[in-house]
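One structure is given here, and the rest of the page talks about it.
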Number of protein chains: 2
Amino acid sequence: MQTLISEALALVGERWSLLVVRELSLGRRRFDEIQAATGAPRAVLADRLRRLTAAGICATRTYQPPGSRSRREYVLTDAGVDLLPLLAAFVDWGERHLGPDAVRDIEYRHLACGGHVTAQLVCECGQLVSPRDQLVAQINP
Amino acid sequence: MQTLISEALALVGERWSLLVVRELSLGRRRFDEIQAATGAPRAVLADRLRRLTAAGICATRTYQPPGSRSRREYVLTDAGVDLLPLLAAFVDWGERHLGPDAVRDIEYRHLACGGHVTAQLVCECGQLVSPRDQLVAQINP
DNA sequence: CAGTATCCGGTGCGATACTG
DNA sequence: CAGTATCGCACCGGATACTG
């Protein structure tokens, strides 16, 4: 049975996929730029970009800078941007529970006020929900 | 360079790890119970439980039900419970962007009001932050 | 600059069967 | 009930070199 989590993991759970999304979210758009930042092997990176594109998480576009030859660039689609809460949740968890040897990848800030942004559980009633003592998990019927 | 995201992915990015956490969050505690619910091969499941335990995400305990022999059970630690926003983010993303063929794994509800709970970006100023147009991502200095 | 083409080693993972 | 023990394949991923 394919569940949401297992399907989503199949798309972005591989080793480099989310790191590619992270780079794209930072505004890096070109192959070599992403390759250098992540250290992913070129063949693997090409494959991940293909899969992310096929999944509608990023889109590719060819453009022509004046005076040089055409280039290709990758940008996140809306579906890709919607992965940012997931990345933020990874970072938040890592910061709290991994040793200080791990480098903080990325910092999310609120455009309006510049404040630090984290991923939180929020109820439709508007309240923040602590996973420790205010949350109920149930199987979907 | 080890970043928070890549380290966290190394711990819980494998195929069955987050599914095991999901089962534990539903209150399933025993090996066979988790095995049946996920369908993971027994050897793989044993390894994942070992790794999750070593990482401090779950803990194992032996207890003695009256009248039967001793059993072992697994429970999420606080670090494991702190993964639930991550799971919620997966579910939210999948529900929005995967086809209707995928089954919703799990439903999170607010203990106080019973309302539906989702993972959202929240600024320290208290406002919800849309990833589409209110978020700035920057590399950490 | 943006990939492909090979080659190859490690291992994740599935299936099955066996123990305490 | 809770795992180990084996086996084998597919595939991920690293290195290197080559093309448009």
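The structure presented is a predicted model; accordingly, all values stated were derived computationally and were not measured. Note on naming: letters A, B, ... go to the chains in the order of the sequence lines (proteins, then strands), and numbering restarts at 1 for each one.
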B/S/- contact track for nucleotides 4-20 of chain C, protein heavy atom under 4.0 Å: S-------SSB------
State the [atom1]-[atom2] distance between [X] and [Y], to the nearest 0.5 angstrom.
X        : Y        : atom1 : atom2 : value
B/Leu18  : B/Leu86  : CG    : CG    : 6.0 Å
A/His97  : A/Asp92  : NE2   : CG    : 10.0 Å
B/Leu19  : B/Leu24  : CG    : CG    : 11.0 Å
B/Arg109 : A/Gln138 : CZ    : CD    : 5.5 Å
A/Thr118 : A/Tyr108 : OG1   : OH    : 12.5 Å
B/Leu9   : B/Thr3   : CG    : OG1   : 8.0 Å

Specify the separation, in whole Å, of atom [atom1] of [X] and atom [atom2] of [N].
X       : N     : atom1 : atom2 : result
B/Tyr74 : D/dC1 : OH    : P     : 15 Å
A/Glu33 : C/dG3 : CD    : C1'   : 16 Å
A/Arg28 : C/dC1 : CZ    : P     : 14 Å
A/Leu49 : C/dG3 : CG    : P     : 7 Å
A/Ile34 : C/dA2 : CD1   : C1'   : 11 Å

What bend angle does the helix from C/dC1-D/dG20 to C/dG20-D/dC1 show across its length, from five-pair end axes and to the nearest 10 degrees?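 Overall, the helix from C/dC1-D/dG20 to C/dG20-D/dC1 bends by 50° from one end axis to the other.
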Salt bridge flag under 4.0 Å for residues B/Glu23 and B/Arg29: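 Salt bridge: no.
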Give the nucleotide from the list C/dC1, D/dG3, D/dC1 with an atom nearest to the side chain of B/Arg30.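 Comparing C/dC1, D/dG3, D/dC1 against the side chain of B/Arg30, the answer is D/dC1.
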Please report the C-alpha distance between A/Asp82 and B/Arg132 in whole Å, then the side-chain angles of each, then the deciding distance to 0.1 Å, and finally whether the side chain to side chain contact (heavy atoms under 4.5 Å, CB included) criterion is met. CA-CA 7 Å; A/Asp82 285 345; B/Arg132 303 263 180 110; 2.7 Å; yes
